[in-house]
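Worksheet: the structure to be examined is printed underneath.
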Amino acid sequence: DKEKFYCLIEFPYPSGEGLHVGHPRSYTALDILARKRRMQGYNVLYPIGFDAFGLPSENYAIKTGIHPAITTEKNIKTFTQQLKSLGFSFDWERVISTTDPQYYKWTQWIFLRMYEHGLAYKTKIPINWCLSCKIGLANEEVVNGKCERCGGPVEKREKEQWMLKITKYADRLIDDLEKVDYLEKIKTQQINWIGRSEGAEIRFELEGGDDNLTVYTTRPDTLFGATFMVVSPEHPLLEKIVSSDQAREVTEYVKQAKRKSDLERSELAKEKTGVFSGAYVVNPVNGRKIPIWVADYVLMSYGTGAIMAVPAHDQRDYDFAKKYDLPIIEVVAGGDISENAYADIDQGVLVNSGQFTGLTVSQAIIKITQWLETQGLGQAAVNYKLRDWVFSRQRYWGEPIPMVYCDNCKSTGASKDGWVMVPEKDLPLQLPKVKNYEPTDDGQSPLALIEDWVNTKCPKCGGKARRETDTMPNWAGSNWYFLRYLDPRNNKALAGAEKLAYWAPVDWYNGGMEHTTLHLLYSRFVYKFLYDIGAIPQSCGSEPYLKRTSHGMILGAGGEKMSKSRGNVVNPDEVIKEFGADTFRVYEMFMGPFDQAIPWDTNGVVGVKRFLERIWSIYHGGVESVDQADDSLLTLIHQTIKKVGDDIETQDYNTAISAMMILTNKIIELGRFDQEVAHNFLLILSPFAPHLAEELWQEMGFKKSISLEPWPEYDQDLIKEQEISLVVQVNGKFRDTIKVEVGITQQQAEKIALASDKVANYLEGKKIKNIIFVPGRLINFVI
RNA sequence: GCCCAGGUGGUGGAAUUGGUAGACACGCAGGACUUAAAAUCCUGUGGCUGAAUAGGCCGUGCGGGUUCGAUUCCCGCCCUGGGCACCA
């Protein structure tokens, strides 16, 4: 009947390098919170697990021939031992690994439900293809447009991939942010990533052909200013419309674009490139003939892959028009288009726009869209930056996608596209053993070579069928892991309804800012889907995480990212061995503001070590233990209880520790303390330095663990200061402070302030024009 | 190029409904203890000036602005970190 509190950290990928000093930053922070919440009487869940599918294990297997499962098991053991040495209060009974078939059974189950609901589909999309290795590459493996393994050229190649329709949830992923308590910057990043925009789709007739070209624009009001059209090099109509005399040039340009990575395409943004296709469209509003260009700054993945270029009112179009000497027609007055495009939408009036001339931009957007609709030339449309999620990988070390392809079912119509689901009773579809972990020459996963696995019976018609050989990305398992913790051994469901109803959603989730747009968004999507199909009880609500905070990265000593190649990696085991687990924990919390990146500094660890040793000595006769210590210490301990408690809630761990250092220094300065101070200090210290606090607690004669004691309350009356020092300024410059009673009035303050010699010096012979009094803060004489 | 953060002493940082800039810690300097060193303890420590723990001036990335008063708010830049899919 205790109130539940579910706090969560992002579970680690158990890499071969072992625990990084960055991992414990987040784990310690929420361990402090978990311990405080337990002391406050909550039923706390603080679980840990391993996100163990992934590229590094697979690459290691390719290099050494050691099965990824073996590597993974070994790495998990190392991580477990390292995590345990830091004294985190994780629930070790609930440990999960995404590579466990009993776990990924449910990852596969979720995929099947998505397929059933039309959210999983196959389509052709471009992937990175290494021309010499003849395999598909992850973005991360493409470095400066070259293959990371062989250094050879990489190009884009179309490949059939499973996709998840996250775009269907785009609006809800934005709107529901109102229901949750995330750091504002996290919400902003997500909203910008989803990138909802409203505009119009407009059809342009191709000159001398039956086809038409549809563009998406957020500025339909500038339609009269469209002087050319740009299609992306991947546009499906391009081949058809290109004129014979431009064909060679266009083909060459498309080939070049294929070689460029997306990063390159964006880095070369300053100098725009493009070629004329030789074809024209007709502007529906004025019948003007408009040339069609091809340029790689237009992406097939956004909108329709084609834009109407309005150089007068879009800077990129402007640059392009200047470079290729294309006409620039002003249709919104208010700017100076001789220098730059005029893109302000809040002011400006239409010119050169026929019947729409004279309208404001916002009026024109509505009127022109309406006009397009009545003419059958286009309609209002919403677009998102967010794209559907590519869900398949041509890799071995991932969850097999539980789908079977059956020609027979396709021909009979039993399956529209030939794909048939593996029945739930056959899950988990286990990853078979292979001899070779390399993808095949034609870019298929290594699973494709295992004939007796690939060839199977169709679950629907019993005929010959072939299994899908792609596997899922590493995000598949990490999207829902927080639900499995609630019921980790359940083999009837991903988690039982009662357990879900009790524990879900997560109350506080902390993770890296780098996961804001991928993991965090993907997992919100998956959770919403599970909620929609009733796999999660209604009472849990439609958001997985009520609160989301983020920690900054820990960098190497020089402020650079820690990496093997830079040789600036700090091994947590060595720090723990030399300084102890509590020092390690407290240092990581003390080193700087929790949400910001910060360089590691071994010198700083020394200060924390001294702090903890001073505490030890206080409790070992270093100061006198008296019946009742000074009032000033009593005030300070209560102020510290408040400060530490508040700071844990706002994640200002560094100032909480600083407050405890101040308390320590005060006790040493006084040379004495009493039982009340001694007890309370250990209680508030215990979440930060659990080993030390527990040891001292036991030495004081307590039998029960300090972690089971209640969190101390502070006394409101005791923390109030009776006297304050009021700042006296003359013309805004600090001149003196005066000791005054808390509730002093302006008249009294003026009197005391004017009596000060220092102040009088500055006021002598001057006329006081104004006096500003801020109660409890300052008094300022303006002369 | 786009989105999100950040820039304060020798170093990590503290302080924001606008109100004493530099808490706490590291480092450094001086001292105590020691045969000596380490550890520990004490004192000092933003810069310039000054005999001064008297006073003065300067000082929170840069340039402007608002204000009695700006690290904090506004405008324009520069630099660093995280993310990226040129988002029309």
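A, B, ... follow the sequence lines: proteins, then strands. Residue 1 opens every chain.
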Item to check | Length of the CG-P vector between A/Leu183 and B/G6, whole Å | outcome: 11 Å
Checklist outcome for this item: Using Watson-Crick geometry (N1-N3 plus N6-O4 or O6-N4) or G-U wobble (N1-O2, O6-N3), each under 3.5 Å, B/A5 is paired with B/U80
Next on the checklist: Of the listed nucleotides (B/A88, B/G83, B/U20), which one gets closest to any side-chain atom of A/Arg219?
Outcome noted: B/A88
Checklist entry - Which is true for A/Arg196 with a 4.0 Å heavy-atom rule: it touches a base, it touches only sugar-phosphate, or it touches nothing? => result nothing
Next on the checklist: Applying the Watson-Crick and G-U wobble criteria at under 3.5 Å, what pairs with B/U20? Answer none if nothing qualifies.
Outcome noted: none
Next on the checklist: Measuring from the side chain of A/Trp193 (C-beta onward, heavy atoms only), which nucleotide among B/G83, B/C86, B/A88 has the closest atom?
Outcome noted: B/G83
Checklist entry - Hey, are A/Asn665 and A/Glu669 close enough side-chain-wise for a donor-acceptor pair under 3.5 Å? => result no
Next on the checklist: Whole angstroms only, please: what is the OH-P distance between A/Tyr297 and B/C2?
Outcome noted: 15 Å
Item to check | G-U wobble or Watson-Crick pairing nucleotide for B/C73 (cut-off 3.5 Å, both distances) | outcome: B/G65
Checklist entry - Side chains of A/Tyr297 and A/Asp317: donor-acceptor distance under 3.5 Å anywhere? => result yes
Checklist entry - What is the nucleic acid contact for A/Lys185, judged by heavy atoms within less than 4.0 Å: base, sugar-phosphate only, or nothing? => result sugar-phosphate
Checklist outcome for this item: Classified by glycosidic angle (syn within 90° of 0, else anti), B/G6 comes out anti
Checklist entry - Which part of the nucleic acid, if any, lies within contact of A/Arg777, taking any heavy atom under 4.0 Å across all strands shown: a base, the sugar-phosphate backbone alone, or nothing? => result sugar-phosphate
Checklist entry - Is the phosphate of B/G69, meaning OP1 or OP2, less than 4.0 Å from a side-chain N or O of A/Arg735? => result no
Next on the checklist: I'd like to know if A/Asn654 reaches the base of B/C24 with its side chain, counting only an N/O donor and acceptor under 3.5 Å.
Outcome noted: no
Item to check | Nucleotide nearest A/Pro593 (side chain, heavy atoms from C-beta), chosen from B/G83, B/A14, B/C87 | outcome: B/A14
Checklist entry - Going by atom types alone, do A/Ser478 and A/Tyr13 pair a side-chain donor with an acceptor below 3.5 Å? => result no
Checklist entry - Checking all strands, does A/Asn383 fall into the base, sugar-phosphate, or nothing category for heavy-atom contacts under 4.0 angstrom? => result nothing
Checklist entry - Side chains of A/Asp595 and A/Ser550: donor-acceptor distance under 3.5 Å anywhere? => result no
Checklist entry - Could you state the CD1-P distance from A/Ile598 to B/A5, rounded to the nearest angstrom? => result 19 Å
Next on the checklist: Looking only at the side chain of A/Phe734 (C-beta and beyond, no hydrogens), which of the listed nucleotides B/C86, B/U40, B/U20 gets closest?
Outcome noted: B/U20
Item to check | A/Tyr509 six-ring centre to A/Arg548 NZ/CZ under 6.0 Å and within 45° of normal | outcome: yes
Checklist entry - Just checking A/Glu514: base, sugar-phosphate only, or nothing, at a heavy-atom cut-off of under 4.0 Å? => result sugar-phosphate
Next on the checklist: Distance check needed: B/A88 C1' versus A/Phe204 CZ, whole Å only.
Outcome noted: 12 Å
Next on the checklist: Angle between ring planes, A/Tyr324 versus A/Phe320, binned at 30° and 60°: parallel, tilted or perpendicular?
Outcome noted: tilted
Checklist entry - Side-chain donor-acceptor pair under 3.5 Å between A/Tyr216 and A/Ser197, yes or no? => result yes
Checklist outcome for this item: Partner of B/C87 under the Watson-Crick or G-U wobble criteria, both distances under 3.5 Å, comes out as none
Checklist entry - Counting side-chain heavy atoms from CB outward, which of B/A85, B/G6, B/C24 is closest to A/Ser658? => result B/C24
Checklist entry - Does A/Thr737 or A/Thr655 map to a spot on RNA chain B nearer the 5' end, using the closest nucleotide for each? => result A/Thr655
Next on the checklist: With a sphere of 6.0 Å drawn around NZ of A/Lys168, does it hold more than 12 non-hydrogen atoms of other residues, nucleotides or ligands?
Outcome noted: no
Checklist entry - Contact class for A/Ile662 (heavy atom, under 4.0 Å): base, sugar-phosphate, or nothing? => result sugar-phosphate
Item to check | Contact under 4.0 Å: A/Asn192 side-chain N or O vs B/G83 OP1/OP2 | outcome: no
Checklist outcome for this item: If pairing means Watson-Crick or G-U wobble with both distances under 3.5 Å, then the partner of B/G27 is B/U45
Checklist entry - Is the shortest side-chain N/O distance from A/Arg316 to OP1 or OP2 of B/C87 below 4.0 Å? => result yes
Next on the checklist: Classify the ring geometry of A/Phe594 against A/Tyr653: parallel below 30°, tilted from 30° to 60°, perpendicular beyond 60°.
Outcome noted: perpendicular
Checklist entry - Should B/A15 form a Watson-Crick or G-U wobble pair with both distances under 3.5 Å, which nucleotide is its partner? => result none
Checklist entry - For A/Arg610 and B/A25, is the shortest distance between a side-chain N/O and OP1 or OP2 below 4.0 Å? => result no
Short heteroatom pairs, N/O only, protein and nucleotides 64-68 of chain B, under 3.5 Å:
residue	atom	partner	partner atom	Å
B/C68	O2	A/Asn780	ND2	2.1

Checklist entry - Want to settle it: does A/Asp314 or A/Asn665 sit nearer the 5' end of RNA chain B, counting the closest nucleotide to each? => result A/Asn665
Checklist entry - When we call it a touch if two heavy atoms are under 4.0 Å apart, what does A/Phe590 touch: a base, just sugar-phosphate, or nothing? => result base
Item to check | Contact summary for A/Ser392 and A/Gln161, nearest pair of heavy atoms | outcome: OG-OE1, 2.7 Å
Item to check | Base-pairing mate for B/U53 - Watson-Crick or G-U, with both contacts under 3.5 Å | outcome: none
Item to check | Side-chain N or O of A/Asn603 closer than 4.0 Å to phosphate OP1/OP2 of B/G12 | outcome: no
Checklist entry - Rounding to a whole Å, what distance do you find between A/Asp647:CG and B/G13:P? => result 17 Å
Item to check | Atom-pair distance (CG on A/Asp601; P on B/U11), nearest Å | outcome: 12 Å
Item to check | Paired nucleotide for B/A32 [Watson-Crick or G-U wobble; both distances under 3.5 Å] | outcome: B/U40
Next on the checklist: Students often get this wrong, so: under 4.0 angstrom with heavy atoms, is A/Leu386 touching a base, only sugar-phosphate, or nothing?
Outcome noted: base
Checklist outcome for this item: Winner on side-chain proximity to A/Arg387, out of B/G82, B/A88, B/A85, is B/A85
Checklist entry - When all nucleic acid strands are considered with a 4.0 Å heavy-atom cut-off, which category describes A/Phe781: base, sugar-phosphate, or nothing? => result nothing
Next on the checklist: Within the 4.0 Å heavy-atom criterion, would you say A/Thr217 contacts the bases, only the backbone, or no part of the nucleic acid?
Outcome noted: sugar-phosphate
Checklist entry - Can you tell me if A/Glu10 and A/His515 form a side-chain donor-acceptor pair at under 3.5 Å? => result yes
Checklist entry - Between B/A14 atom P and A/Tyr653 atom OH, what is the distance in whole Å? => result 15 Å
